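Below is one structure, written out as C-alpha cells, with a few remarks after it.
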Amino acid sequence: MKDMFLENVFIKLNKKKLDFNIFYIGLFLLPSLPSISSIFLFISFIYLTLTKKSYLEDKFNYPLILSSVLIIISCILNTIYPANFYKGEYQIEQLWIGISNWLPYFWIFWLFQSYSKNPSMRKKLIIIFLIGSIPVIISGFLQYFFKFHGPFVFLNGFITWYSREIHPGDGMTGLFNNSNYLGMWLNIIWPFSIVFFKDSLRTQSKRSISSLLLASIFICTLLTFSRNSWLGLVLSTFLVLGFKSLKWLIPLLSLLITPVLIGLGIFPNNPLSDVTKKFIPGIIFHQFGGLGFENFSSFTRVQIWNSSINLISQRPLIGWGSSSFPKLFRSDLGEEFFHTHNLPLEIALSFGIPTAILIIILIIFILFYSRKRIFKFKNYDGYDKAWWVSATIVFFCHMFDLQFFDVRIGLIFWILLGGLRNILRENVKNKEL
C-alpha cells in the first residue's frame, strides 16, 4: 500500500513537472517562433482548463466574465442589426473572428497564474523571457548592420521571420512585422535586463552576459526609431531604478535631446544647427519634426482619436465590432490605419463603453494595488518590481499605440497581469483582495 502511494505521488509530480516544462518551452519559443510556441502553450491551456479550480472562485474574474457577456451581446446585436457600412465593406464574420483577440486572454489571465504563484516562479519566467528574446536581438543586429533581410517563410507560412529590408526612414524590426512591435517587446524585457544585470554583478561570468544583454536591448531599442519605444525605455528605467536615477538620467537625456532641438531650429539663429544635422540621422529629425502645441490638432494620432470618439458617441453601448475601425476611418493623409492607437478607445469602439470601463478599471486596479504591495514590503525583490514595471509600461504605451494584436505582446501582457494578481494574494490581510 505504501509503495502504491509513493508511486502515485511520483506520477503526479512528474505530470506537474511535465506541465511546467511544456509551458516553459512555449514561453521560450514565443518571441522567435510564435506559431510553434502556441502549440505548447495550447497544451498547457487545455491541461489547466481540465485540472484547475472554478473560474468563479476568484472575484477578479467577475469583470472579465461580464465583459465577455457584453462582447458577445455586441456581436449578436451587430449581426442582427448591422450598420450600413457593413454592406460590401465589412464582413459579419469579422465580428466573431475579432473576439479571439480578447476572450481567450480573459481565460489565460486566470489559467496561467498557476505558473507565477510566488517570487521564485516569476523570476524563472523572467529569465525565460530574456533567454527567449536573444534570437530577436540577434536578428535585429543582422538586419540593421549586416543587411540580412527577409521575410523568411517556412512551412508554407506557418513560420515567418520578417526582418524586412530597412529603407530610409525605417527602423529595426527584427523578427517582428513592425518596428513599433519590436520596440514594445524590447520595452517589456528592458526592466528584466536591468534587474538581471544588478543581480549578476557579484559573478564575473554572469556579469559579462548580463552586460552584453543589457547593452544589446538598449541599442536595439534606439535603432527601432520608435518614439513610443524610446518613451517606454526612459520611463521604465526611471521606474526600476527610482528617483536616484534622475541625477544621471536627466543630464543624459539633456545631452541627447539638446542637439536634436538645435537641429530642429528650436533655438533660432543657432550656428550649430547645420553642424548637428550632419551628425544626427535624418530619421530622428523626421520623428520629432513638426512637434509643438501650435499644430496639436493636426497630429495624426489626435485626428484618429477625435474620429474614434465621434464614432463611439454614435454607438456607445454596443460599439461597431472588431476590426471595424479601418473601414470606418477615412484618412485625409491617404494612409490606412488599422486601429485607434489607444486601448480604451479601441475596446469602446469595438464593443461599447461599458465593456471598456470594466476591462480598463480592472487593469488599473491590479497595477495600482500590486504596486503598493511590491514597493511597500521588503520581501519583494527587484524581479517583482521589474515585473510590475514591465506590465505598467505595456499598459502606458498602449495609450498611444496598439501592439496588443500581436499575439506575443498580448499574451505576455495578460501573463504579467496574472502574476500581479498572484502578488495581491501573497500575505493578504485584506480578505477582499
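The structure displayed is predicted, hence computed values, not measured ones.
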Quick test of your reading of the model: are R227 and D401 salt-bridged, counting only N-O distances below 4.0 Å? no
With ring-ring contact (aromatic ring centres under 6.0 Å, His included) as the criterion, how do F404 and Y105 come out once you've worked through the C-alpha distance, each side chain's angles and the decisive distance to 0.1 Å? CA-CA 11 Å; F404 182 84; Y105 289 132; 5.4 Å; yes
Enclosure of W96 CH2 (heavy-atom neighbours >12, cutoff 6.0 Å): yes
Check whether the ring centres of F365 and Y369 lie less than 6.0 Å apart, and answer yes or no. yes
Can you list everything that forms a side chain to side chain contact (heavy atoms under 4.5 Å, CB included) with M121? Sequence neighbours excluded, please. F20, K117, N118
Are the aromatic rings of W414 and F112 close, with centres under 6.0 Å apart? no
Distance-only polar pair, side chains of S322 and W102, donor-acceptor under 3.5 Å: no
Is the distance between the ring centroids of F23 and F28 less than 6.0 Å? no
Is it possible for you to check whether R164 lies under 6.0 Å from the centre of the six-membered ring of Y162, through NZ or CZ, and within 45° of that ring's axis? no
With the threshold set at 4.0 Å, does a side-chain nitrogen-carboxylate oxygen contact exist between R122 and E426? yes
Provide the full list of side chain to side chain donor-acceptor pair (under 3.5 Å) pairs with a residue in residues 134-152, sequence neighbours left out, each pair given once. Q143-T173
Looking at R373 and D384, is any side-chain nitrogen of the basic one under 4.0 Å from a carboxylate oxygen of the acidic one? no
Partners meeting side chain to side chain contact (heavy atoms under 4.5 Å, CB included) with R408 (sequence neighbours left out): L30, P34, F176, W185, D406
